[in-house]
Amino acid sequence: MPDRFVRVALGVTLGLLIAFVAQPYILAFLYSANAPRSVAARGDLSAAEKTTVDLFASASPSVVHVFAQAAAQGRALMEPDDEFGQGEQQQGSGTQTGTGFVWDAAGHVVTNNHVVEAATKGGGSISVRLASGEVIGARVVGTASSYDLAVLQLGRVAKMPPPLAVGTSADLKVGQSAFAIGNPFGLDHTLTTGVISALQRRLPTQEGRELSGVIQTDAAINPGNSGGPLLDSAGRLIGVNTAIFSPSGASAGIGFAVPVDVVNRVVPDLIKNGRVRNPGIGIIAGQEATAARLGIDGVVVLRVLPGSPAAQAGLRGVDPRTGTIGDVIVGANGRPVHRLSDLTAAVEEAGLDRPVSLLVERDGRVRTVRVNTADVAQTRL
């Protein structure tokens with residue numbers, strides 16, 4: 001009896017072991033999907049998804065890929081394409097690439113100045129690839145380095161893409177949705193989404209200015225996105241993507257866009273005049289670091305341009321013979337002025353040929369000076 005029990009137990013154990021070892025093979029034989037699987041049904045897209053899909057379908061035909069060649073070099077054709085390369089700067093070829101978008105039915109395209117700067121200074125060439133794949137030659141109509149904006153004019157186009165709808169940046173709210181379309185790393189028409197992370201940021205630009213009112217977003221912006229549109233959930237243009245903050249050079253969730261209200265003021269000037277009229281008062285400001293070392297809180301007037309609004313208002317610069325400080329601007333239009341960007345923001349907010357009320361400190365006394373702004377594009381302010 002015990003021997004029989006042992007034999008039965010061993011048999012059961014052996015059977016279980018065989019079944020355990022054979023299980024994967026049995027399952028593979030019985031359940032392998034050796035034919036195309038049936039498609040699982042799904043419901044409708046969510047309302048948010050539909051909004052995003054419709055937004056991209058409507059806006060993407062207006063977004064273009066900009067190629068700026070610093071100098072006509074035949075050897076550039078022999079180098080690898082930048083399809084998955086550096087995006088905004090293709091090393092060795094002198095080609096700067098970025099994004100732009102159609103501004104009007106006349107074929108004007110808005111992009112960043114830094115995207116086309118090398119071509120404009122080096123006598124190079126600019127071409128634009130449309131969403132249809134058509135490549136068109138383009139010329140620079142005007143640039144505004146102090147706003148990092150440029151306007152191009154497309155050559156003959158078989159079918160002109162539609163202009164983007166223009167919104168406003170005056171009523172933007174932190175937390176509302178933001179959508180960026182561009183060509184990061186040379187990858188055409190890439191959509192990224194996020195929110196407006198902050199408003200009223202300041203961004204250094206050329207010519208010693210800081211652009212105020214800049215939009216910060218966490219929508220992924222990478223090299224190649226520069227000059228592309230930032231859109232709201234209605235598909236309206238609310239900004240032009242211009243810079244990222246990133247130690248690695250790729251998106252770190254902090255991107256910046258020139259607000260559309262600035263774009264809508266600057267671009268018409270560039271189209272009409274080839275340059276932008278910068279409101280200013282006609283001063284050259286002293287170095288902020290030097291003023292801080294001297295314990296000065298405000299903008300030191302280093303020099304006043306002859307015949308400028310500042311000269312007409314009686315402002316004084318630093319005495320070139322003795323080095324004595326003349327006027328320090330400490331307020332503008334009811335707001336304190338601690339640095340040049342504070343004064344620039346107040347002047348630009350006032351606009352051209354408009355009065356600005358300045359608080360000016362001279363010899364330890366503060367007085368109010370009324371100055372009318374004028375076009376002083378050749379000066380810092």
Side-chain angles (χ1 to χ4, degrees), residues 39-66 87 98-105 108-112 128-133 159-201 213-245 250-264 267:
V39 177
R42 65 151 290 160
D44 293 336
L45 295 175
S46 68
E49 289 175 310
K50 287 180 180 178
T51 297
T52 303
V53 169
D54 292 343
L55 181 149
F56 181 78
S58 174
S60 61
S62 305
V63 180
V64 303
H65 201 160
V66 179
T99 304
F101 56 92
V102 178
W103 179 259
D104 58 25
H108 289 112
V109 167
V110 175
T111 186
N112 278 151
V128 171
R129 184 162 64 201
L130 307 182
S132 64
K159 183 179 180 181
M160 185 67 68
L164 280 178
V166 174
T168 178
S169 48
D171 58 0
L172 295 178
K173 301 290 189 296
V174 173
Q176 75 177 76
S177 297
F179 305 82
I181 303 178
N183 308 295
F185 304 109
L187 300 172
D188 280 356
H189 289 81
T190 298
L191 172 69
T192 54
T193 65
V195 298
I196 293 175
S197 304
L199 297 168
Q200 300 301 321
R201 294 300 194 205
V214 172
I215 302 166
Q216 180 184 326
T217 179
D218 69 346
I221 296 173
N222 284 290
N225 275 107
S226 287
L230 187 69
L231 308 170
D232 64 10
S233 57
R236 305 179 309 162
L237 179 71
I238 57 173
V240 176
N241 300 318
T242 191
I244 60 173
F245 176 80
S251 176
I254 301 177
F256 301 99
V258 181
V260 69
D261 289 351
V262 173
V263 178
N264 210 7
V267 168

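These numbers come from the heavy atoms of this one structure, side chains and all, not from hydrogens, waters or symmetry mates.
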Is it true that a side-chain atom of Asp218 and a backbone atom of Gly194 form a donor plus acceptor pair closer than 3.5 Å? no
May I ask you to decide if Leu187's main-chain N or O and Thr190's side chain share a donor-acceptor pair within less than 3.5 Å? yes
Would a distance-only check, ignoring hydrogens and angles, find a side-chain to backbone donor-acceptor pair under 3.5 Å from Asn183 to His189? yes
Non-hydrogen side-chain atoms of Leu230 and Ile215 separated by less than 4.5 Å: yes
Intermediate values then yes/no, side-chain contact (heavy atoms from CB on, under 4.5 Å), Phe101 and Val240: CA-CA 9 Å; Phe101 56 92; Val240 176; 3.7 Å; yes
Indicate the atoms forming the closest heavy-atom contact of Ala178 with Ala219, along with that distance. O-CB, 4.2 Å
Within the structure provided, determine whether Leu237 and Val110 are in side-chain contact (heavy-atom separation under 4.5 Å). no
Check whether any side-chain heavy atom of Val166 lies under 4.5 Å from a side-chain heavy atom of Val260, and answer yes or no. yes
Just grab all the salt bridge (charged side-chain N to carboxylate O under 4.0 Å, His left out) pairs involving residues 233-244, residues at least two apart or on different chains. Asp232-Arg236
Of all heavy-atom pairs between Pro61 and Pro161, which one has the smallest distance, and what is that distance? O-CB, 3.3 Å
What I want to check is whether the side chains of Glu49 and Ser46 have a donor and an acceptor closer together than 3.5 Å. yes
How far does OG1 of Thr217 sit from CG of Leu172, to the nearest 0.5 angstrom? 10.5 Å
Using modelled atom types and a 3.5 Å cut-off, is there a donor and acceptor pairing between side-chain atoms of Asp261 and backbone atoms of Ser169? yes
Does Val102 reach the side chain of Leu130, with side-chain heavy atoms less than 4.5 Å apart? no
Which heavy atom of Ile221 sits nearest a heavy atom of Gly255, and at what distance? CD1-CA, 4.2 Å
Could you check Ile196 against Ile238 for side-chain contact (heavy atoms from CB on, under 4.5 Å), going step by step and ending with a plain yes or no? CA-CA 11 Å; Ile196 293 175; Ile238 57 173; 4.1 Å; yes
Quick one: closest heavy-atom pair of Val174 and Ser197, and the distance? CG1-O, 3.5 Å
Heavy-atom closest contact (Asp104 atom, His108 atom, distance): OD2-ND1, 2.9 Å
Pairwise side-chain contact, Asn264 with Trp103, heavy-atom cut-off 4.5 Å (strictly under): yes
Pair Thr99-Asn225, side-chain donor/acceptor within less than 3.5 Å: no
Ignoring hydrogens, what is the shortest heavy-atom contact between Pro259 and Gly213? Give both atom names and the distance. CG-O, 3.3 Å
May I ask you to test the Phe179-Leu191 pair for a side-chain heavy-atom distance under 4.5 Å? yes
Evaluate the side-chain proximity of Asp44 to Lys50: yes if any heavy-atom separation is below 4.5 Å, no if none is. yes
Side chains of Ile181 and Leu231, heavy atoms from C-beta outward: is any pair under 4.5 Å? yes
Do side-chain atoms of Ser58 reach the backbone of Asp54 as a donor and acceptor pair under 3.5 angstrom? no
